[in-house]
**Student:** 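Questions regarding the structure given below will be posed in turn.
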Amino acid sequence: MLKADFFERPAPLLAPDLIGKALARRHNGNMLVGIITETEAYQGQEDLACHARVGKTKRNQVMYGEAGKAYIYFTYGMHWLLNIVADQVDTPAAVLIREIFPLAGAEAMALNRPHLAYSSQWLNGPAKLTQAFGIDGSLNGHDLQEKGSELYLVEALVVPQDKIKASPRVGLGNTPEPWLSLPWRWEVSWQDVKELIAEQKKE
DNA sequence: CGGCCGATTATCT
DNA sequence: GATAATCGGCCGG
C-alpha cells in the first residue's frame with residue numbers, strides 16, 4: 001500500500017513515480033484495474049498552467065488539502081479529469097493521470113467506453129480513462145490510499161527510469177514560458193509495459 | 001498519418 | 001461573457 005509520505009512531495013517528483021502504479025476501481029459490481037502509463041505535474045500558484053494560479057477557489061480547493069486525495073474537475077463542457085493531490089497542505093499541487101494500460105476488467109471498461117475499444121487509441125487520454133473507469137465529480141476529494149474503496153492506488157509494476165520519457169505538458173493553450181515548455185509530462189510505452197509485466201510475473 | 005474544428009457547460013471574472 | 005489540463009469527426013496529402 002502507498003503511504004502518505006509517498007504523496008507528500010512536489011508534483012514533479014511524484015508524477016514520474018506514479019508511472020507503473022495501478023489504479024483500481026469498484027464500479028457496478030466490477031473490478032477495474034489499470035497501470036498508469038502517462039502523468040503530468042501541476043505545481044503551486046506560481047505554475048501558470050496550474051488551476052491554482054488564480055488562488056483558492058471552490059473548484060480547486062481539494063488541491064490545497066491533503067496529498068493522496070483525488071482532485072477531479074469538469075472541463076470543455078463534457079469531460080471529467082482525474083488528478084492525484086501532491087505535496088503539503090496549503091501548497092496546491094496535483095498530478096494529472098493521462099493514460100492507463102488495462103490490467104483487469106477490460107470488458108467492463110469497454111462497456112463504459114466502447115469507442116475504438118482495444119485499439120491503441122482506446123485509453124490514451126485523461127478524459128478517456130475517466131469514462132472507462134466511470135469516474136466523475138462525485139469522487140472529488142476521495143482518499144486514494146483506502147485499499148478496497150471505490151477508487152484507490154496500489155503498487156504494481158517497477159518501471160526503470162530509463163523506460164520513462166519526459167516531455168512538455170500538452171493542451172496548455174496560452175500559458176507563458178517557462179511553464180509552457182517545462183518537461184513535466186512523463187510516459188512509458190505500452191510495449192515496455194507488456195514486457196515488464198511478463199518479466200515481473202515470473203518472480 | 002496530420003491539422004482543423006465544433007461540441008457543450010461548470011466555473012471564474 | 002469568456003474560457004477550458006479534451007475528444008472525435010472530417011478533411012487533405
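Reckoned from all heavy atoms, side chains included, excluding hydrogens, waters and symmetry mates. Sequence lines set the chain letters: A, B, ... in the order given, protein chains first and strands last, and positions in each chain run from 1.
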**Student:** Any ring-ring contact (aromatic ring centres under 6.0 Å, His included) involving residues 112-147 of chain A? Give me the pairs, sequence neighbours left out, ordered by first then second residue.
**Tutor:**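 For residues 112-147 of chain A, and leaving out neighbouring residues, the ring-ring contact (aromatic ring centres under 6.0 Å, His included) pairs sorted by first residue read A/Y118-A/W122.
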
**Student:** Report, as a single string ordered 5' to 3', how protein heavy atoms within less than 4.0 Å touch nucleotides 6-13 of chain C: B base, S sugar-phosphate only, - not at all.
**Tutor:** BSSS----

**Student:** Is the number of heavy atoms from other residues, nucleotides or ligands within 6.0 Å of CG (A/N174) greater than 12?
**Tutor:**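 Count not over threshold, so no.
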
**Student:** Once you round it to whole Å, what is the distance between P of C/dA5 and CD of A/E38?
**Tutor:**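 Computing the A/E38:CD to C/dA5:P distance gives 16 Å.
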
**Student:** On the six-membered ring of A/Y64, is A/K56 placed so that its NZ or CZ lies under 6.0 angstrom from the centre and within 45° of the ring axis?
**Tutor:**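 So A/K56 does make the cation-pi contact.
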
**Student:** With rounding to the nearest 0.5 Å, note down the distance linking NZ in A/K69 to CD in A/E146.
**Tutor:**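 One gets 8.5 Å once the value is rounded to the nearest 0.5 Å.
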
**Student:** Pairing of DNA chain C as dot-bracket, 5' to 3': ( ) intra-strand, [ ] crossing, | other strand, . unpaired, with Watson-Crick or G-U pairs under 3.5 Å?
**Tutor:** ||||.|||||||.

**Student:** Looking only at atom types and distance, does a side-chain atom of A/N83 sit under 3.5 Å from a main-chain N or O of A/Y71, one as donor and one as acceptor?
**Tutor:**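 Yes, because the side chain of A/N83 sits within donor-acceptor range (under 3.5 Å) of the backbone of A/Y71.
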
**Student:** Would you say that A/E66 contacts A/F7 through its side chain, given a criterion of any heavy-atom pair below 4.5 Å between the two side chains?
**Tutor:**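 Sidechains of A/F7 and A/E66: no contact.
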
**Student:** Any salt bridge between A/R98 and A/E40, counting N to O under 4.0 Å?
**Tutor:**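 Salt bridge: yes.
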
**Student:** Mind checking the CE-CZ spacing from A/M109 to A/R113? Nearest 0.5 Å is all I need.
**Tutor:**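 It is 12.0 Å, given to the nearest 0.5 Å.
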
**Student:** Contact list please: residues 8-19 of chain A against DNA chain B, heavy atoms, distance less than 4.0 Å, in numerical order.
**Tutor:**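 None, since no heavy atom is under 4.0 Å.
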
**Student:** Residues from residues 44-69 of chain A sitting under 4.0 Å of DNA chain B, heavy atoms only?
**Tutor:**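 When residues 44-69 of chain A is checked for heavy atoms under 4.0 Å from DNA chain B, the hits, listed by number, are A/V54, A/T57, A/K58, A/R59.
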
**Student:** Quick one: are A/L81 and A/I72 in side-chain contact, heavy atoms under 4.5 Å?
**Tutor:**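 No, every pair of side-chain atoms sits at 4.5 Å or beyond.
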
**Student:** Could you pull out every donor-acceptor pair under 3.5 Å between side chains of residues 29-36 of chain A and any protein atom, sequence neighbours left out?
**Tutor:**
none

**Student:** In Å, rounded to the nearest 0.5 Å, how long is the span from CZ of A/F101 to CG of A/L157?
**Tutor:**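 One finds 9.0 Å between CZ of A/F101 and CG of A/L157.
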
**Student:** Give a yes/no verdict on a cation-pi contact between A/R169 and A/Y42, requiring under 6.0 Å between NZ or CZ and the six-membered ring centre and an angle within 45° of the axis.
**Tutor:**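 The answer is yes, since A/R169 meets both limits relative to A/Y42.
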
